[in-house]
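See structure below.
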Amino acid sequence: MNQIPSLIAVFAYLSLLTVGGGMAAYPEMETLSVNVHHWVTQDQLVHFYSLGQMAPGPNLNMVAAIGAHVAGVAGAFAVLLAFYAPTGLFALIIGRLWIRLENWPWRTSIQNGLAPTALGLMLAGLLTFGKTALRLGHSAEAFLIGLNWIAVAMAVLVLVLMLRTKINPALLVLACGVIGAFTFR
Amino acid sequence: MSEASASAAAAPTAPVAKPSILDIFIQFLIIGATSFGGGAVAYLKSSLVTKNKWLDDKTFLELFSISQSLPGLNTTNMAILAGDRLRGASGAFAAVVGVILPGAILMTAAGIVYGMHADRPLVTAALKGVAAAASGLLFATFISLASKTLRGWLDVVFIAIAVIAVNWFHVSVLYVLLAVATLATIAYRPRRSDKTLERPAS
């Protein structure tokens, strides 16, 4: 069955939710691509998102991996276009308008209002992501009990290194991949 | 008189040659190929402001604050806003395609290869490690972002509302986005005192 029209519709919609970063769209991405369209499993989505952290450029280029997984190169191309074109056009038009509205008092209000909204949605996305990424196998148990504590320890170590040092995050991700290959088999 | 001399004095130092569309594409392609780890904004700044001097510091910060209040990723929004400043709509197009292209090709290849090898236990185990690292990485991004932009308890309330609505009640992100953004914008509405401040001194 041709999935490309649904891929385009879903990723064009998701792109509108990426306020302040891609993580904001993650819960909706999970709902639509796992539960509604069955393109990927929860684990596969986490894998793709994590691989996206190792690739250069915008980390949401991982949407191309979903497109490719579902419908090959054409699927990847369709998803990329759907994901980047509408918001790109929007950014171009509103960007020009926004500069002219420099002295409009509500401009500051909107920016101040969007800042906590973006943070809240990012944290919500992170929790959804972490629930799958740090869980033990396919455990359906309560979240805390089903945690894979080795994975949690790795995540905390990465967190601390990121906040305390200037180490390249792609290296950390790669290192954890190697450690994981030996630990989680 | 004074105007004429002022413009004459400004003339020699004025515009540095604008980059061509190709220059823009190549610079953004380099950024797209080398900005590992999600922090593309730092790469953008070092390329656009420090290395090529296409934008000054103030313009860069202004564009960055706009890019954060638009839907879409910061990196692509910045590419579009900067490209538009340099060469209009075609500059924006060249910049955004350049910054996306390398990662997009890699991730397309990853998606295809994944389908062929993902059932191997070694690959699954490695990806579990990668996912654990990504969780830590993304959480670090959240913390550094929050420490830079949080302004008070009201912000914390809005964050809590968003998280509870999405993770507890499974409300669609779209509705949460619209509701919390509206609520927070109204909470931070322009005050009368701000307006008097903005009036030019007579």
Side-chain angles (χ1 to χ4, degrees), chain A residues 16-19 22 27-28 46-47 50-51 53 55-62 64-65 68-69 76 80 87-88 91-92 95 98 105 109-117 119-124 126-127 130 133 151 154-155 158-159 162-163 169-170 172-173 176-177 179-181 184-185, chain B residues 32-38 66 69-73 75-77 80-81 84 92 96 99-100 102-104 106-108 110-112 115 121-122 125-140 142 146 149 155 158-159 162-163 166-167 173 180-181 184-185 188-190 194:
Chain A
L16 300 175
L17 307 178
T18 57
V19 172
E28 205 77 354
V46 161
H47 292 166
S50 309
L51 285 173
Q53 300 299 311
N59 55 9
L60 264 272
N61 271 332
M62 55 73 64
H69 185 69
L80 285 168
T87 49
L92 189 65
W98 212 234
S109 302
I110 294 172
Q111 283 179 337
N112 288 342
L114 280 172
T117 311
L119 280 174
L121 291 178
M122 185 180 178
L123 187 57
L126 261 169
L127 292 172
M154 282 163 80
V158 169
L159 171 68
M162 281 300 295
L163 293 176
L172 286 176
V173 178
C176 287
I179 297 170
F184 297 131
R185 236 179 327 165
Chain B
T34 55
S35 59
F36 288 93
I66 297 169
S69 24
L70 293 170
L73 311 176
T75 315
T76 49
N77 283 346
I80 286 164
L81 296 175
D84 187 35
V96 76
V99 86
I100 291 169
L106 272 174
M107 287 313 293
T108 304
I112 291 166
L122 190 71
L127 285 169
K128 187 128 184 92
V130 166
S135 310
L137 189 68
L138 292 159
F139 205 75
F142 172 79
T149 56
D155 273 359
F158 291 127
I159 292 171
V163 169
V166 173
N167 297 92
V173 172
V180 178
T185 302
Y188 293 122
R189 68 191 170 277
D194 296 344

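Quick note on labels: first sequence line is chain A, next is B, and so on, each numbered from 1.
- The two residues A/Pro116 and B/Ala184 have their closest heavy-atom pair at CG-CB, 4.3 Å.
- In this structure, the portion of B/Val166 lying under 4.5 Å from any heavy atom of chain A is its side chain and not its backbone.
- At a 4.5 Å heavy-atom cutoff, the contact between B/Thr108 and chain A is made by backbone and side-chain atoms alike.
- Separating the CG atom in B/Leu138 from the CE atom in A/Met122 is a distance of 6.5 Å, to the nearest 0.5 Å.
- Shown here for A/Leu92 and B/Ala92, the closest heavy-atom pair between the two residues is CD1-CB, 3.8 Å.
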Test log, rule side-chain contact (heavy atoms from CB on, under 4.5 Å), inputs A/Leu123 and B/Phe139: CA-CA 8 Å; A/Leu123 187 57; B/Phe139 205 75; 4.0 Å; yes

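- For the pair B/Leu106 and A/Pro56, the minimum side-chain heavy-atom distance is below 4.5 Å.
- Of the possible polar contacts, none joining the A/Thr87 side chain to the B/Gly72 backbone as a donor-acceptor pair under 3.5 Å is found.
- Between atom CG of residue A/Leu159 and atom CG of residue B/Leu137 there is a gap of 9.5 Å, rounded to the nearest 0.5 Å.
- In terms of heavy-atom pairs under 4.5 angstrom with chain B, the leader among A/Glu28, A/Met154, A/Met62 is A/Glu28.
- Note that the CG atom of A/Asn61 and the CD1 atom of B/Ile100 stand 6.5 Å from one another [nearest 0.5 Å].
- Chain A forms the most heavy-atom pairs under 4.5 Å with one residue out of B/Gly129, B/Pro102, B/Ala110, and that residue is B/Gly129.
- Note on A/Val46, A/Leu121, A/Leu114: by heavy-atom pairs under 4.5 Å with chain B, the leading option is A/Leu121.
- Considering NZ of B/Lys128 and SG of A/Cys176, their distance stands at 12.5 Å, rounded to 0.5 Å.
- Interface check for chain A: of the options B/Val163, B/Leu70, B/Val180, B/Asn167, the most heavy-atom pairs under 4.5 Å are formed by B/Asn167.
- Using a 4.5 Å cut-off on side-chain heavy atoms (C-beta onward), A/Leu119 and B/Thr149 make contact.
- Here the side chain of B/Ser69 pairs no donor or acceptor atom with the backbone of A/Gln111 at under 3.5 angstrom.
- Counting heavy-atom pairs under 4.5 Å between each of A/Ala133, A/Pro27, A/Ala155 and chain B puts A/Ala155 at the top.
- Of the inter-residue distances, the one linking A/Phe184 atom CZ with B/Leu127 atom CG reads 11.5 Å to the nearest 0.5 angstrom.
- In terms of heavy-atom pairs under 4.5 Å with chain B, the best-connected choice from A/Ser109, A/Gly22, A/Gly95 is A/Ser109.
- Here the closest non-hydrogen pair linking A/Leu126 and B/Ser135 is CD2-O, 4.2 Å.
- The two residues B/Ile80 and A/Gly88 make their nearest non-hydrogen contact at CD1-CA, 3.3 Å.
- No other option in A/Leu80, A/Ile179, A/Leu51, A/Leu16 has as many heavy-atom pairs under 4.5 Å with chain B as A/Leu51.
- Both the backbone and the side chain of A/Ile110 come within contact range of chain B, with heavy atoms under 4.5 Å apart.
- We find the CE-CG distance between B/Met107 and A/Asn59 to be 10.0 Å, quoted to the nearest 0.5 Å.
- Remark: side-chain polar atoms of A/Gln53 are not paired, donor with acceptor, to backbone N or O of B/Ala134 under 3.5 angstrom.
- Considering only heavy-atom pairs separated by less than 4.5 Å from chain B, the leading option among A/Gly177, A/Ala151, A/Ala68 is A/Gly177.
- Here the shortest heavy-atom pairing between B/Thr76 and A/Pro58 reads CG2-CG, 3.9 Å.
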